[in-house]
Engineer: 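To start, I am sharing the structure in question, which I have written as C-alpha cells.
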Number of protein chains: 2
Amino acid sequence: MKKIECLSPFVRLKGKTYPCTVSLTMDLVGGKWKAVILYHLKDGSKRYSELHREMPSVTEMTLSLQLKQLEKDGLVKRKVYGKKPPIRVEYSLTELGESFVPILEAITEWGNQVVVNYGSFVES
Amino acid sequence: MKKIECLSPFVRLKGKTYPCTVSLTMDLVGGKWKAVILYHLKDGSKRYSELHREMPSVTEMTLSLQLKQLEKDGLVKRKVYGKKPPIRVEYSLTELGESFVPILEAITEWGNQVVVNYGSFVES
DNA sequence: CGGTATCCCCGGGGATACTG
DNA sequence: CAGTATCCCCGGGGATACCG
C-alpha cells in the first residue's frame with residue numbers, strides 16, 4: 001500500500017510556482033468550466049459549435065477563453081480545417097488531457113452520488 | 001464496462017443549480033485552496049494552527065473562510081475544545097469528505113506526474 | 001489560540017455586439 | 001462558423017491590524 005503524497009514544496013510549471021501538486025492540478029483544471037469542457041471532450045473530438053450546444057450555460061466568450069487556456073496548458077489540442085469561412089475547428093484531448101479522464105470520471109461519479117444523497121435532479 | 005456520465009441537466013444542491021455534476025463537484029472542492037485543505041486533512045484531524053503551518057502560503061483570513069465553506073458544504077467538521085482562550089479547534093473530514101479522498105489522491109498523483117514530465121521541483 | 005474586521009485589488013467570467 | 005471586441009461586475013482572495 002503506497003502512500004500518496006504531494007511532492008511538495010515547491011513545484012514549478014511554465015513559470016508558475018505552487019506550494020504542492022494538488023494546488024498545481026487545481027490551477028490547470030479548476031475554475032468554473034475547464035473540467036466541464038474536458039468532460040465533454042472525453043469521448044472524442046468536437047467542434048466549437050458542438051461544445052457550445054452541449055454547454056449552453058457558458059458564453060461563447062468564456063468557452064473560447066477557457067479552450068485557449070486548456071490548449072496553452074497542453075490539455076487540449078485545436079485543429080483547423082479550411083481557410084475561408086465557414087471554417088471548421090475540432091477540439092480534442094491531448095495525451096495529457098487523456099490522462100486526466102479517469103479523474104474526470106471519478107469526479108463525475110462523486111458528484112452524481114452527492115446529488116443522489118443530498119440534492120435533486122431538475123426536470124428538463 | 002459501465003459508461004460514466006453526468007446525470008445532467010440540471011442538478012440542484014443547497015439552493016444552487018448546476019448544468020451537470022462535474023460543475024457541481026468543482027464548485028464544492030474547486031477554487032484555489034479547498035482541495036489543498038482537504039488534502040491536509042486526509043490523514044486525520046488537525047488543528048487550525050497546524051493547518052496554517054503546513055500551508056503557509058494561505059493567509060489566515062482565507063484559510064478560515066475556506067474552512068467555513070467546506071464545513072457549510074458538509075465536507076469538513078469542526079470541533080471546539082475549551083471555552084476560554086487558549087481554546088483548541090480540530091478540523092476533520094466528514095463522511096462526505098472522506099469519500100472524496102480517493103479523488104484527492106488521484107489528483108495528487110496526476111499533478112506529481114505533470115511536474116515530473118513537464119515541470120520542476122524547487123529546492124527548499 | 002483561533003480567529004475577525006476592514007479594506008482593497010485583480011481577474012474570472014458574463015452580456016452584448018460585431019467580424020474574417 | 002468560430003470566434004473577437006468591448007465593457008462591466010462580482011467575489012475570491014490577499015494584507016494588515018485587531019480581538020475574546
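Order of the sequence lines sets the chain letters (A, B, ...), proteins ahead of strands, with each chain counted from 1.
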Engineer: Mind checking the NZ-CD spacing from A:Lys77 to A:Glu95? Nearest 0.5 Å is all I need.
Structural biologist: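 Separation between the atoms: 8.5 Å.
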Engineer: For B:Asp27 and D:dC10, what is the distance between atoms CG and P respectively, to the nearest whole Å?
Structural biologist: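 From B:Asp27 CG to D:dC10 P: 18 Å.
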Engineer: For the pair made of NE2 in A:His52 and P in C:dG14, what is the distance, rounded to whole Å?
Structural biologist: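 The distance from NE2 of A:His52 to P of C:dG14 comes to 11 Å, rounded to the nearest Å.
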Engineer: Please report, rounded to the nearest Å, how far the C1' atom of C:dG3 is from the CZ atom of B:Arg47.
Structural biologist: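 Going from CZ in B:Arg47 over to C1' in C:dG3 covers 13 Å.
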Engineer: What is the distance, rounded to the nearest whole Å, between atom NZ of B:Lys83 and atom P of C:dG2?
Structural biologist: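 Whole-Å distance recorded here is 16 Å.
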Engineer: Send over the distance from A:Arg53 CZ to D:dA2 C1', rounded to a whole Å.
Structural biologist: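 That distance rounds to 13 Å.
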Engineer: Could you tell me whether the phosphate oxygens of D:dA2, OP1 or OP2, come under 4.0 Å of any side-chain nitrogen or oxygen in A:Arg88?
Structural biologist: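 No, because none of the side-chain N or O atoms of A:Arg88 sits under 4.0 Å from OP1 or OP2 of D:dA2.
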Engineer: Using only side-chain N and O atoms of A:Lys32, determine if any of them is under 4.0 Å from OP1 or OP2 of C:dG14.
Structural biologist: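 Answer yes for this pair, as a side-chain N or O of A:Lys32 is under 4.0 Å from OP1 or OP2.
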Engineer: Using OP1 and OP2 only, check whether a side-chain N or O of B:Ser49 sits under 4.0 Å from C:dC1.
Structural biologist: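 For B:Ser49, the contact criterion (side-chain N or O under 4.0 Å from OP1 or OP2 of C:dC1) is not met.
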Engineer: Check this one for me: any side-chain N or O of A:Ser64 less than 4.0 Å away from OP1 or OP2 of D:dT4?
Structural biologist: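 So the side chain of A:Ser64 is within the cut-off, an N or O lying under 4.0 Å from OP1 or OP2 of D:dT4.
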Engineer: In whole Å, I'd like the distance from the OH atom of B:Tyr81 to the P atom of C:dG2.
Structural biologist: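 Checked: the OH to P distance equals 12 Å.
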Engineer: Show the nearest heavy-atom pair for residues B:Leu70 and B:Leu28, with the distance to one decimal.
Structural biologist: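 The answer is CD2-O, 4.1 Å.
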Engineer: Is B:Gln66 near enough to D:dG12 that one of its side-chain N or O atoms lies under 4.0 angstrom from OP1 or OP2?
Structural biologist: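 The answer is no; no side-chain N or O of B:Gln66 sits under 4.0 Å from OP1 or OP2.
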Engineer: Would you indicate, yes or no, if C:dG3 has its OP1 or OP2 atom less than 4.0 angstrom from a side-chain nitrogen or oxygen of B:Tyr91?
Structural biologist: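 The answer is yes; a side-chain N or O of B:Tyr91 sits under 4.0 Å from OP1 or OP2.
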Engineer: Could you check how far CD of A:Glu60 sits from P of C:dA15, rounded to whole Å?
Structural biologist: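 Those two atoms, CD and P, are 12 Å apart.
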Engineer: Toward the 5' end of DNA chain C, which comes first, B:Ile87 or B:Leu65, by nearest nucleotide?
Structural biologist: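 Residue closer to the 5' terminus by nearest nucleotide: B:Ile87.
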Engineer: Under 4.0 Å: is that the gap between some side-chain N or O of B:Lys68 and OP1 or OP2 of D:dG13?
Structural biologist: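 No, no such contact exists.
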Engineer: Would you say B:Arg78 reaches C:dG3's phosphate, i.e. side-chain N/O to OP1/OP2 under 4.0 Å?
Structural biologist: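 True: B:Arg78 side-chain N/O within range (under 4.0 Å) of C:dG3 OP1/OP2.
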Engineer: Are more than 12 heavy atoms from other residues, nucleotides or ligands located less than 6.0 Å from atom NZ of A:Lys72?
Structural biologist: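 Buried by this count: over 12 neighbours within 6.0 Å.
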Engineer: Touch check for A:Lys34, heavy atoms < 4.0 angstrom, all strands: base, sugar-phosphate only, or nothing?
Structural biologist: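 A:Lys34: no heavy atom of the nucleic acid under 4.0 Å.
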Engineer: What's the shortest heavy-atom distance between A:Leu51 and A:His40, and which atoms?
Structural biologist: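 Looks like CD2-CB, 3.9 Å.
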Engineer: Over all strands shown, is A:Gly31 touching base, sugar-phosphate only, or nothing at heavy-atom distances under 4.0 angstrom?
Structural biologist: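 Contact class for A:Gly31: sugar-phosphate only.
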Engineer: To the nearest 0.5 Å, what is the distance between OG1 (A:Thr21) and OH (B:Tyr39)?
Structural biologist: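 The OH atom of B:Tyr39 is 6.5 Å from OG1 of A:Thr21, to the nearest 0.5 Å.
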Engineer: Mapping A:Pro86 and A:Met61 to their closest nucleotides on DNA chain D, which lands nearer the 5' end?
Structural biologist: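 Its nearest nucleotide being more 5', the pick is A:Pro86.
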Engineer: Figure out the CG/C1' separation between B:Leu51 and C:dC1, and round it to whole Å.
Structural biologist: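 Nearest whole value for this atom pair: 14 Å.
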